> 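The structure follows.
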Amino acid sequence: MRKLLAWPVVAALLISTGAAFAQSNITDKYRATMIPRFVKYVQIGSMSDNNAEWMTPGQEEMAQVLYEEIKAFGLPTYFSKDKYIYVNIPSNLKDRKAPTLGFSAHYDTTPDIIGNNVKPQVIEKYDGQPITLKNNHVIDLKSDPYLAQMIGKTIVTSDGTTNLGADDKAGITILVTLLQTLAENPNIPHGPIQVVLTPNEDVGRSAERLELEYYHPDYAYDFDAGVNGEVIIGNFSADRIVVTAQGINGHQSYAAENGYRNSTDPIAFVTKRVAREKNLPNNSSGYEGYIEPHHFDYDPVANTHSVDFRFRYFNQNEGKRWHKRLDRAIEAAQRKFDVALTKEVIKQYENVEYGVKPEALSLLTSSLKEAGITPNLKKERAGTTSSMIMAKFGFGGYTVFTGQNNPHAFTEWLSEEDMFLGFKTVMNMVKNAAQMNIK
Ligand SMILES: [Zn+2]
C-alpha cells in the first residue's frame with residue numbers, strides 16, 4: 001500500500017521537473033546553431049537605402065534566404081510581395097485560449113555605414129585585451145565597459161572595414177532559432193504565435209507595408225534592443241511636418257502693382273515662431289522632446305518654399321500644444337504675407353506606451369527573470385519597429401535585447417551569450433503564455 005500511495009507523487013514530481021529540464025535541454029541544444037546561423041546572415045549584405053523605391057537587391061537576397069530556410073522547417077510561411085516573411089503557427093492547446101504572441105525583427109542593416117562584404121570574426125574565450133580591427137578601429141574595456149562581462153565568453157566583431165550587422169541579424173537569428181525549435185519539437189505546448197521578419201527598419205519603413213492579416217498579435221515584441229536584459233518600454237513620438245508657402249510669381253520691383261509675393265518670408269516667420277530656443281534639439285535631453293527645423297526646400301520656378309520640421313515628444317499633450325502653436329503661426333503668416341500655406345504631417349513613430357497591455361510586460365519580465373536576467377526597462381529617444389507599428393496601426397509592443405552592441409559603427413559587436421539569453425527568454429515567453437487563458 002505504501003508503495004502504491006507513494007508512486008503517483010514520485011511520478012508527478014518526475015514529470016514536472018522533467019518538463020523543466022526538457023525546456024533547458026532544448027535551448028542548450030539549439031544554442032550551438034546560433035553562431036553559425038548569425039555568421040551566415042551577416043555575410044549577406046542587406047543594407048537598406050533611403051532613396052530606394054522599396055527594396056535593395058541585398059535585402060531581396062536576404063529575404064529569399066530566410067524564406068527558404070523557414071519554409072524548409074515545414075511551418076505555415078507567407079512571403080509577401082513586399083518581402084515580409086510571416087509565420088503563423090496555430091495553437092496546439094486543447095483546453096484554453098492563450099494570447100497570440102507576436103515577434104518581429106528586421107533583416108536590413110543601416111544605410112549609414114558600409115554593411116556589404118562583412119567578414120565576421122568569432123572570438124571564443126575573449127581574454128579582456130583590446131581588440132584591434134582594420135583601419136585602426138579598437139574595441140576595448142574603456143570604450144565599451146560591458147565588454148568586461150564578456151571575458152571568457154564568445155563575441156563576434158567585423159574585421160573593421162564594415163559594420164557587423166548584429167543590428168538586427170541577432171534578432172533574426174533568435175527568431176529563426178525559435179521557429180526551428182518549435183518546428184522540430186511539436187510537443188512543446190504553445191498558444192498562437194505570429195512571427196514577422198521585415199525589411200527597411202533602418203530607413204524608418206518597416207511597418208509601411210505590413211499586412212495586419214498576418215501580424216496582429218495580442219502581445220507584440222520586437223527583437224532589436226541591445227544587451228544585458230534591455231527592454232524598450234517607451235519612446236518619443238515622431239512627426240515629420242512639412243509646411244509649404246506658395247508665393248505669387250511676378251517681378252518683385254512691381255509687387256505693389258502685380259501682386260508678387262515671395263515664399264521665403266512666410267517660411268522664415270513660421271520657423272522662428274515654432275522652433276523656439278528652448279525647444280531645439282541641443283537644449284533637450286532625457287524625456288524632453290524637441291522641435292527641429294531640419295531643412296528647407298525652395299523651388300524658384302513654382303515659387304514655393306518649405307520647411308521640414310521634426311517634432312519629437314514623449315508627452316502627447318506637449319505634442320498637441322506644439323501642433324497648435326504651428327497652426328497659429330501658419331494662420332498669422334497667411335495674414336501677414338498674404339500667401340497660402342499648407343501643412344503636411346507624416347507620423348513616423350508613436351510612443352508604444354499608448355498601445356500596450358500590462359500583461360504583455362509582466363509576461364516578458366517574468367520570462368526574463370526565469371532566464372536569470374534582471375530586466376533593464378528603458379525609454380528611448382529613437383524609434384523602433386514597435387513604434388512604427390504603433391504609429392500606423394495603433395498597437396504597441398516592447399523591444400527586447402538581442403546581444404547587439406554599438407550598432408551603426410565599425411566597432412559593432414555581438415555577445416553570443418546575450419543572443420542566447422534572448423532566445424531563452426522568447427522560449428520562456430512561449431511556455432508561460434501557454435499557461436494563460438484569455439476569454
Ligand atoms: Zn535595429
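Everything numeric in this text was worked out from a predicted model, so none of it was measured.
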> For Y78, check ring-ring contact (aromatic ring centres under 6.0 Å, His included) against everything at least two apart and list the hits.
Y86, Y214
> If you measure only the distance, is there a donor-acceptor pair under 3.5 Å linking the side chains of N428 and T425?
no
> If you take all heavy atoms of N50 and P111, which pair is closest and at what distance?
ND2-CG, 3.8 Å
> Is a side-chain N or O of E61 found less than 3.5 angstrom from the main chain of P57, in a donor-acceptor match?
no
> Classify the ring geometry between Y313 and W322 as parallel (under 30°), tilted (30 to 60°) or perpendicular (over 60°).
perpendicular
> What I want to check is whether the side chains of N283 and E288 have a donor and an acceptor closer together than 3.5 Å.
no
> Between E353 and N351, does the side chain to side chain donor-acceptor pair (under 3.5 Å) criterion hold? Intermediate values first, please.
CA-CA 5 Å; E353 287 178 295; N351 191 342; 2.9 Å; yes
> How long is the gap from NZ on K169 to NZ on K40, to the nearest 0.5 Å?
11.5 Å
> Using only atom types and a distance under 3.5 Å, with no angle test, would you say the side chain of T399 pairs donor to acceptor with the backbone of V231?
no
> With heavy-atom distances below 4.5 Å as the criterion, would you say the side chains of I89 and H190 are in contact?
yes
> Using 0.5 Å steps for rounding, measure from the NE2 atom of H323 to the CZ atom of F309.
11.0 Å
> List the steps, then state whether side chain to side chain contact (heavy atoms under 4.5 Å, CB included) holds for L197 with I172.
CA-CA 7 Å; L197 309 183; I172 295 283; 3.8 Å; yes
> How far apart are the C-alpha atoms of I155 and N405, what are their side-chain angles, what is the distance that settles it, and do they pass the side chain to side chain contact (heavy atoms under 4.5 Å, CB included) test?
CA-CA 10 Å; I155 62 172; N405 221 305; over 6 Å; no
> Distance alone, cut at 3.5 Å: any donor-acceptor contact between the side chains of Q64 and E68?
yes
> Got a sec, which residues hit salt bridge (charged side-chain N to carboxylate O under 4.0 Å, His left out) with K357, two or more places apart in sequence or on another chain?
none
> Which word best sums up how the rings of F103 and F223 line up, parallel for under 30°, tilted for 30 to 60°, or perpendicular for over 60°?
perpendicular
> Can you tell me if K343 has over 12 outside heavy atoms packed within less than 6.0 Å of its NZ?
yes
> Can you tell me if R209 and S80 form a side-chain donor-acceptor pair at under 3.5 Å?
no
> What is the minimum heavy-atom distance between I291 and P281, and which atoms define it?
O-CD, 3.7 Å
> More than 12 heavy atoms of other residues, nucleotides or ligands under 6.0 Å from CG of N117: is that the case?
no
> Do the side chains of E213 and N88 get nearer than 4.5 Å, heavy atoms only?
no
> State, without any angle test, whether D308 and H295 hold a side-chain donor-acceptor pair at a distance under 3.5 Å.
yes
> Using atom types as modelled and distance alone, determine if a side-chain donor or acceptor of R325 lies under 3.5 Å from a backbone N or O of V274.
yes
> Under the ring-ring contact (aromatic ring centres under 6.0 Å, His included) test, which residues partner F236, sequence neighbours left out?
F314
> Is there a side chain to side chain contact (heavy atoms under 4.5 Å, CB included) between V176 and Y41 once you walk through the steps?
CA-CA 11 Å; V176 177; Y41 296 160; 3.4 Å; yes
> Quick one: pull up CG in L421 and CG in L368 and give me the separation to the nearest 0.5 Å.
9.5 Å
> May I ask you to decide if L147's main-chain N or O and D144's side chain share a donor-acceptor pair within less than 3.5 Å?
no
> Testing the 3.5 Å rule here: is there a donor-acceptor pair between the side chains of S206 and T385?
yes
> With sequence neighbours excluded, tell me which residues meet salt bridge (charged side-chain N to carboxylate O under 4.0 Å, His left out) with R273.
none
> Flag the pair T304 / S306 as yes when at least one side-chain heavy-atom distance between them is below 4.5 Å, and no otherwise.
no
> Could you tell me whether the side chain of D127 and the main chain of Q129 form a donor-acceptor pair under 3.5 Å?
yes
> How long is the gap from OH on Y126 to NZ on K153, to the nearest 0.5 Å?
12.5 Å
> Considering all heavy atoms of both residues, which atom of A105 and which atom of G171 are nearest to each other, and what is their separation?
CB-C, 3.7 Å
> What residue pairs, at least two apart or across chains, pass salt bridge (Lys or Arg N to Asp or Glu O under 4.0 Å) with a residue in residues 174-184?
none
> Would a distance-only check, ignoring hydrogens and angles, find a side-chain to backbone donor-acceptor pair under 3.5 Å from N92 to N187?
no
> Can you give me every donor-acceptor pair (side chain of residues 369-378, partner residue at least two apart or in another chain, under 3.5 Å) with its distance?
from : atom 1 : to   : atom 2 : distance (Å)
E370 : OE1    : N432 : ND2    : 3.0
E370 : OE2    : K431 : NZ     : 2.3
K378 : NZ     : E230 : OE2    : 2.6

> Looking only at atom types and distance, does a side-chain atom of Y30 sit under 3.5 Å from a main-chain N or O of F423, one as donor and one as acceptor?
no
> Do any N or O atoms from the side chain of R96 and from the backbone of A434 form a donor-acceptor pair under 3.5 angstrom?
yes
> Test I174 against V400 for side chain to side chain contact (heavy atoms under 4.5 Å, CB included), laying out the working first.
CA-CA 11 Å; I174 289 171; V400 185; over 6 Å; no
> Heavy atoms, side chains only, cut-off 4.5 Å: are D167 and D224 in contact?
yes
> Classify the side-chain pair S284/R381 by whether it contains a donor and acceptor separated by less than 3.5 Å.
yes
> Compute whether any side-chain donor of one residue and acceptor of the other, for N135 and H137, lie under 3.5 angstrom apart.
no
> Apply side chain to side chain donor-acceptor pair (under 3.5 Å) to S104 and D222, showing your working.
CA-CA 5 Å; S104 58; D222 187 36; 2.7 Å; yes
> How many angstroms lie between CD in E208 and OG1 in T198, if you round to the nearest 0.5 Å?
11.5 Å
> Do D202 and S48 meet the criterion of a side-chain donor-acceptor pair at a distance under 3.5 Å?
no
> Looking just at side-chain N and O atoms, do D159 and T161 make a donor-acceptor pair shorter than 3.5 Å?
yes
> Just by distance, no angles: are the side chains of E350 and S387 close enough, under 3.5 Å, to form a donor-acceptor pair?
no
> Donor-acceptor check, side chain of N185 to backbone of I188, threshold 3.5 angstrom: yes or no?
no
> Can you tell if the side chain of M419 reaches within under 4.5 Å of the side chain of L414, non-hydrogen atoms only?
yes
> Is the side chain of Y221 donor-acceptor paired with the backbone N or O of A360 at a distance under 3.5 Å, no angle test?
yes
> Given the rule in the side chain to side chain donor-acceptor pair (under 3.5 Å) test, do Q59 and D49 qualify, once you have shown the distances and angles that lead to the verdict?
CA-CA 10 Å; Q59 286 189 88; D49 179 349; over 6 Å; no
> Apply the test side chain to side chain donor-acceptor pair (under 3.5 Å) to residues E380 and Y349: give CA-CA distance (whole Å), side-chain angles for both, the deciding distance (0.1 Å), then the verdict.
CA-CA 12 Å; E380 213 179 28; Y349 316 137; over 6 Å; no
> For residues Y398 and T365, determine if any side-chain heavy atom of one lies less than 4.5 Å from a side-chain heavy atom of the other.
no
> Between NZ of K83 and CG of D108, what distance do you get to the nearest 0.5 Å?
15.0 Å
